[in-house]
Trainee: 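Before we start, here is the structure in question, set down as structure tokens.
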There are 2 protein chains.
Amino acid sequence: MSTVTFSPLYRQIRERLVHSLHEGEWRPGELIPSEGELAQRYGVSQGTVRKAIDALAADNLLVRRQGRGTFVASHQEQLAQFRFLRLRPDEGDPRQPASRFIDCRRLRAPVEIARALQLKPGETVVVIRRLLEFDGAPTVLEEIWLPGVLFRGLSAERLNAYTGPLYGLLETEFGVRMIRASERVKAVAAGADEAPLLRVDPGEPLLLVVRISSTYGDRPVEVRHGWYLTREHHYANELN
Amino acid sequence: MSTVTFSPLYRQIRERLVHSLHEGEWRPGELIPSEGELAQRYGVSQGTVRKAIDALAADNLLVRRQGRGTFVASHQEQLAQFRFLRLRPDEGDPRQPASRFIDCRRLRAPVEIARALQLKPGETVVVIRRLLEFDGAPTVLEEIWLPGVLFRGLSAERLNAYTGPLYGLLETEFGVRMIRASERVKAVAAGADEAPLLRVDPGEPLLLVVRISSTYGDRPVEVRHGWYLTREHHYANELN
DNA sequence: TAGTGGTCTAGACCACATA
DNA sequence: ATGTGGTCTAGACCACTAG
């Protein structure tokens, strides 16, 4: 008759760990307690804690390092720099792009943005526009929409003062950590806005990448529109 | 001094299982022996077999079904139909595309194709061209390159006689199973070849998707060029 | 040398599917 | 009722890191 929702112990432990991460008990880059300690704390065996941590490591919430311990994943790490940016050069090794901020404004959310961010219509959002350049060549134009409430002090000065990945800044300065994203990719013709910034003629084919990023609990906290120039780059994807 | 390459037991078991899959001891869709039987056969504990199977299930080589057993993954399943085709409608639920074959020829591999398929220059390849249509609207044009040696009897008649996914045919009729692929996506303008087939004007922005698929042992066995019309569809991707 | 995660085992019991 | 995978435990030992 009724559907019993059976939840194994290790999943409950996983949820409690996610909760602690969400609360900030252990912050990005920090060491979490050893498996043995956590087992005691939750009153389960080490193997059960292990399985919970395995799941979180597979989801890139935690990082295991043999002999050292288990750490909270961070966008400041060099490793995960290219986890979200899938653009790669057609030839040669991936390079770190330079980020040039164009502007940063606060305004009332347009309807589609409000819907994607689960905000009430008219709530304040921050819009950042920036260019990513590879070897001085502008290659990606991005328009980044964030809920105003979560990023109060965010400004152009703040962005320019900061070196390193944007998600690192959002994580360190505002305590919002992106853990998942879904992207929709389309081919479009460069419009009057994009063309000059990317130094191409209007009509040039571009990838339009719409990303929605979420933090703990699948709460969407970023909408990003990216126009990718793919003359010498491509969007890389692995299918497993 | 010397770097010892330590390989845990469960990984060795995994390799032996992959070997059996490769050999065809268990074929796609079939049930493999129970964990207990395999443990006996390899002289290890059930837990070790379990960990090996877990890894293969994570890689989509095997499929676990509680209470029933563990099965060899197959491209004939309805489940994995959209595992490789990432195109989704902007609105509404994904639909099964209709496949219309344009032609199927055998010729000597062009250099880039030969390199990608690790063939000697001049070896025979099969080229299939087809259109995928959603609700009668041509949306994807594909050019599929396969090593001639592996697909001897493949012909236009054979393709037209078959209903179901192409990878299902290749798996069932030729014993070649695709297990992994990497894709490179670019934005391009429709050319004189593509435009009429997709019923768009030359210059229309299209996604160009270049896929290289591999079978067991990371042996590349397919190069596929796809031109995706993304006016009402998008290429979907999840970032974790 | 001590502490951490990584591997492996053996056994008990649970959830699920099928006959 | 039986057999399968799924969970959980307890304990031993190995590999890696750092002081």
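In what follows, chains carry the letters A, B, and so on, assigned in the order in which the sequence lines appear, proteins first and then strands, with residues in each chain numbered from 1. Source: prediction; values computed, not measured.
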Trainee: Less than 4.5 Å apart, any side-chain heavy atom of A/Y42 and any of A/L17?
Mentor: yes

Trainee: When the distance from CG of A/L62 to C1' of C/dT4 is rounded to whole Å, what number comes out?
Mentor: 15 Å

Trainee: Would a distance-only check, ignoring hydrogens and angles, find a side-chain to backbone donor-acceptor pair under 3.5 Å from A/S213 to A/M178?
Mentor: no

Trainee: Cut-off 3.5 Å, side chains only: do A/S74 and A/E171 have a donor facing an acceptor?
Mentor: yes

Trainee: Closest approach to the side chain of B/Y10, judged atom by atom: which nucleotide of C/dG5, C/dT7, D/dT7 is it?
Mentor: C/dT7

Trainee: What's the CD-P distance between A/E35 and C/dG6, to the nearest Å?
Mentor: 6 Å

Trainee: Does a side chain donor of either B/E133 or B/T139 reach within less than 3.5 Å of an acceptor in the other side chain?
Mentor: no

Trainee: Does the side chain of A/Y167 pick up a donor-acceptor pair with the side chain of A/E222 at under 3.5 Å?
Mentor: yes

Trainee: Would you say A/R130 and A/S99 are linked by a side-chain donor-acceptor pair, where the criterion is simply a distance under 3.5 Å?
Mentor: yes

Trainee: Give every pair of a protein N or O atom and an N or O atom of nucleotides 11-14 of chain D that lie under 3.5 Å apart, one pair per line with the distance.
Mentor:
none

Trainee: Round to the nearest Å and state the distance from A/I13 atom CD1 to D/dC8 atom P.
Mentor: 9 Å

Trainee: Can you tell me how the ring of B/Y235 sits relative to the ring of A/Y235, calling it parallel under 30°, perpendicular over 60° and tilted otherwise?
Mentor: perpendicular

Trainee: Test your reading of the model: is there a side-chain donor-acceptor pair from A/Q76 to the backbone of A/G29, 3.5 Å cut-off?
Mentor: no

Trainee: Backbone N or O of A/L170 within a donor-acceptor pair of the A/E173 side chain at under 3.5 Å?
Mentor: no

Trainee: With A/V185 as reference, evaluate B/T230, B/L207, B/N237 under the side-chain contact (heavy atoms from CB on, under 4.5 Å) test and give the passing residue.
Mentor: B/L207

Trainee: Of all of residues 41-55 of chain A, which get a heavy atom below 4.0 angstrom from DNA chain C, listed by number?
Mentor: A/R50

Trainee: Provide, to the nearest angstrom, the distance between the CG atom belonging to B/L38 and the P atom belonging to D/dT4.
Mentor: 11 Å

Trainee: Can you give me the dot-bracket string for DNA chain D, 5' to 3', counting Watson-Crick and G-U wobble pairs with both distances under 3.5 Å, using [ ] for crossing pairs and | for partners on another strand?
Mentor: ||||||||||||||||||.

Trainee: Roughly how many Å is it from CZ in A/R65 to C1' in C/dG3, rounded to a whole number?
Mentor: 17 Å

Trainee: Please give, in whole Å, the distance from C/dA17 P to B/F71 CZ?
Mentor: 12 Å

Trainee: Rounded to whole angstroms, how far apart are CZ on B/R11 and P on D/dA15?
Mentor: 14 Å

Trainee: Please confirm whether the shortest side-chain N or O distance from B/S34 to OP1 or OP2 of D/dG3 is below 4.0 Å.
Mentor: no

Trainee: Assign each of B/E37 and A/R68 to its nearest nucleotide of DNA chain D by heavy atoms, then name whichever residue's nucleotide is nearer the 5' end.
Mentor: B/E37

Trainee: Roughly, in whole Å, what's the span from CG in A/L31 to P in C/dG3?
Mentor: 14 Å

Trainee: Measure from NZ or CZ of A/R65 to the centre of the six-membered ring of A/F71 and say whether it is under 6.0 Å with the direction within 45° of the ring axis.
Mentor: yes

